[in-house]
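Numbers for residues simply follow the sequence, beginning at 1. Note that the structure is a prediction, hence the values are computed from the model and not measured.
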Amino acid sequence: WKSICARLMNSKPEIEKRPGRYIKPNYIEMKHQEGKEFQGIMKYLTKETHGNIHDNGTITITSNSISSNNQMFHPKNVVDYDSETYYCKENRNENANIVFDFKDKQVELESYSIKTYRNSQGYEHLKSWVIEVSNDNNKWTAIDYHNDDGTLNGPGIIGTFVVKKQEYGFYRYIRLKQTGRSWCNYGNVFAIVALDFYGKITLPNDKE
């Protein structure tokens, strides 16, 4: 029995016994720099692919609520950093979300920046939300959450938020989900001009 226990104590994990079975992710890291917002992962992909990263198929950006179901307010607008186009949810939908599918890439999120619409305080600005991650678009893990947060309640504000739960690994999907009413004083609309993520992003095999 002592001999068996000794062998078990000294044995190495399977991942080390069989080299080659585990592949360390090949990634690049984009850190947030104060005063240089929107120079993160999404902007990097935009520069690499020379265009809107939803339109050119680099990632897919979707929402369960788009105002008037109009392309003018599509969530892909949040990665058009050289324009003032924006995403806007419809009023009657209680809790809207925006889902970012990175397809053949994965992200380990550390922080993110959001720019608000130009309307004044008390209008269509996020108040309560959660950031979630997933690898199957079904089971989601919350990594950052804000309730009655006034950071984004104003025109053209840029707020940067460090995720509360880190060291969880890489994920294919990131979801921004509204979890309560917005600051809008005439309904439940919210709008976002720009959004960017900071952290690590894996590179596809052909980029290694």
Is any side-chain heavy atom of [X] closer than 4.5 Å to a side-chain heavy atom of [Y]?
X: Tyr117; Y: Val193; result: yes
X: Met42; Y: Ile59; result: yes
X: Glu108; Y: Thr202; result: no
X: Leu45; Y: Ile201; result: yes
X: Arg172; Y: Asp101; result: yes

Nearest heavy-atom pair of [X] and [Y]: which atoms, and what distance?
X: Lys165; Y: Ala142; result: CD-O, 3.8 Å
X: Asn188; Y: Asn91; result: N-OD1, 2.6 Å
X: Glu37; Y: Tyr198; result: CA-OH, 3.5 Å
X: Phe38; Y: Ile114; result: CZ-C, 4.0 Å
X: Val162; Y: Asp144; result: O-OD1, 3.5 Å
X: Thr62; Y: Pro75; result: C-CG, 3.9 Å

Within this structure, what is the [atom1]-[atom2] distance for the pair [X] and [Y], rounded to the nearest 0.5 Å?
X: Thr116; Y: Gln121; atom1: OG1; atom2: CD; result: 10.5 Å
X: Phe197; Y: His32; atom1: CZ; atom2: NE2; result: 14.0 Å
X: Asp80; Y: His54; atom1: CG; atom2: NE2; result: 10.5 Å
X: His74; Y: Asn52; atom1: NE2; atom2: CG; result: 9.0 Å
X: Ile41; Y: Leu109; atom1: CD1; atom2: CG; result: 7.0 Å
X: Ile192; Y: Lys115; atom1: CD1; atom2: NZ; result: 13.0 Å

Ring centroid separation Tyr171 to Phe102 under 6.0 Å: no
Do the two ring centres, one from Phe73 and one from Tyr87, sit under 6.0 Å apart? no
Closer than 4.0 angstrom, basic N to acidic O: yes or no for [X] and [Y]?
X: Lys127; Y: Asp149; value: no
X: Lys31; Y: Glu29; value: yes
X: Asp196; Y: Lys43; value: no
X: Lys177; Y: Glu132; value: yes

side-chain contact (heavy atoms from CB on, under 4.5 Å) partner of Tyr112, chosen from Leu176, Ile174, Ile131: Ile131
Under the side chain to side chain contact (heavy atoms under 4.5 Å, CB included) criterion, do Tyr81 and Gln39 qualify, and how do the steps go? CA-CA 10 Å; Tyr81 301 109; Gln39 297 293 326; over 6 Å; no
When you check the side-chain N and O atoms of Asn119 and Glu124, is any donor under 3.5 Å from an acceptor? yes
Judged by modelled atom types alone, do Ser65 and Ser63 share a side-chain donor-acceptor pair under 3.5 Å? no
Pi-cation contact, Phe190 with Lys89 (under 6.0 Å, within 45°): no
Stepwise, does the side chain to side chain contact (heavy atoms under 4.5 Å, CB included) test hold for Val99 with Asn97? CA-CA 6 Å; Val99 177; Asn97 65 56; 3.7 Å; yes
ring-ring contact (aromatic ring centres under 6.0 Å, His included) contacts touching residues 129-156 (sequence neighbours left out): Trp129-His146, Trp129-Phe161, His146-Phe161
Any side-chain to backbone donor/acceptor pair from [X] onto [Y]? Under 3.5 Å, distance only.
X: Asn153; Y: Gly122; value: yes
X: His125; Y: Ser120; value: yes
X: Thr179; Y: Val130; value: no

Verdict with supporting geometry, Val78 and Phe100, side chain to side chain contact (heavy atoms under 4.5 Å, CB included): CA-CA 11 Å; Val78 303; Phe100 301 85; 4.2 Å; yes
Under 4.5 Å between side-chain heavy atoms, hopping through other hydrophobics if needed: is there a path connecting Leu195 to Ile158? yes
Same cluster or not: Val163 versus Val133, using hydrophobic residues (I, L, V, M, F, W, Y) connected whenever any side-chain heavy atoms lie under 4.5 Å apart? yes
Would you check, one step at a time, whether the test side chain to side chain contact (heavy atoms under 4.5 Å, CB included) holds for Ser128 with Asp148? CA-CA 5 Å; Ser128 299; Asp148 297 333; 3.8 Å; yes
Each residue besides Val189 in its hydrophobic cluster should be listed here, by chain and number; the cluster joins Ile, Leu, Val, Met, Phe, Trp and Tyr at side-chain heavy-atom distances under 4.5 Å. none
More than 12 heavy atoms from other groups under 6.0 Å of OH on Tyr123: no
